[in-house]
Every structure is written in structure tokens, then in C-alpha cells.
Amino acid sequence: MGLDDESADAGSATFEREKDLSIEQNVRDLLDKIERALKRMDEGTYGVCEICGKPIEKARIKALPYVDLCIKDAQAQSRR
Ligand SMILES: [Zn+2]
């Protein structure tokens, strides 16, 4: 095996790891959201928007049970 083969392997291995990391990050984000949703259930604030304090749309909670923002504020956040 030459030096060129080794560096090519190392390059693709790094790429694979970066891909895994971004997936891991997504899963961690999701877990974090779920944990916060569970905490809000304990506190009795589940289903209430964290920014404006208004109830989050029922259809939205049904689709994304871990959301902590109403549609309006979620859109405002993603625009930032
Ligand atoms: Zn809101």
C-alpha cells in the first residue's frame, strides 16, 4: 500500500465521521427538545409558546409533539 492510498482512506474516513457528527447533532437536538417538552409537562407549561406565552396550535403539537414555539414565533426564529 502506498502513501497515496493511505491519505485517500484517511480523507474518506474524515468525511464519514463528519457526516455521522451532523446526524448525531440532529439526534441530540431532537432529544434536547423532547427532554424540554417533558419538563414542561411536569411544570404544566406544555403546549404554551416559550416566546409569546400563547397556546401552540393543536395541529402543530400533533405533528411535532416536542415543539416549544407557536408557528408565528418558529417562523420568526428560522428567518434569523
Ligand atoms: Zn409564540
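The side chain to side chain donor-acceptor pair (under 3.5 Å) analysis of residues 60-77, with sequence neighbours excluded, yields the pairs Arg36-Asp68. Pairs of residues two or more places apart, or lying in two chains, that qualify as side chain to side chain donor-acceptor pair (under 3.5 Å) and include a residue from residues 25-34 are Glu24-Arg28, Gln25-Asp29. Among residues at least two apart or in separate chains, salt bridge (charged side-chain N to carboxylate O under 4.0 Å, His left out) pairs with a member in residues 50-59 are Arg40-Glu50.
In this structure, Val48 is not a member of the same hydrophobic cluster as Ile61, with clusters built from ILVMFWY side-chain heavy atoms closer than 4.5 Å. Hydrophobic clustering of Ile, Leu, Val, Met, Phe, Trp and Tyr side chains at less than 4.5 Å, counting indirect connections, unites Ile56 with Met41. Under the 4.5 Å side-chain heavy-atom criterion for Ile, Leu, Val, Met, Phe, Trp and Tyr, Leu64 and Leu38 are members of the same hydrophobic cluster.
Residues meeting the salt bridge (charged side-chain N to carboxylate O under 4.0 Å, His left out) test with Arg79, sequence neighbours left out: none. Looking at residues two or more places apart in sequence or on another chain, you find no side chain to side chain donor-acceptor pair (under 3.5 Å) involving Glu43.
Listed here is the closest heavy atom pair of Cys52 and Cys70: SG-SG, 3.9 Å.
Grouped with Ile51 in one hydrophobic cluster are Leu69, the linkage being side-chain heavy-atom contacts under 4.5 Å among Ile, Leu, Val, Met, Phe, Trp and Tyr residues.
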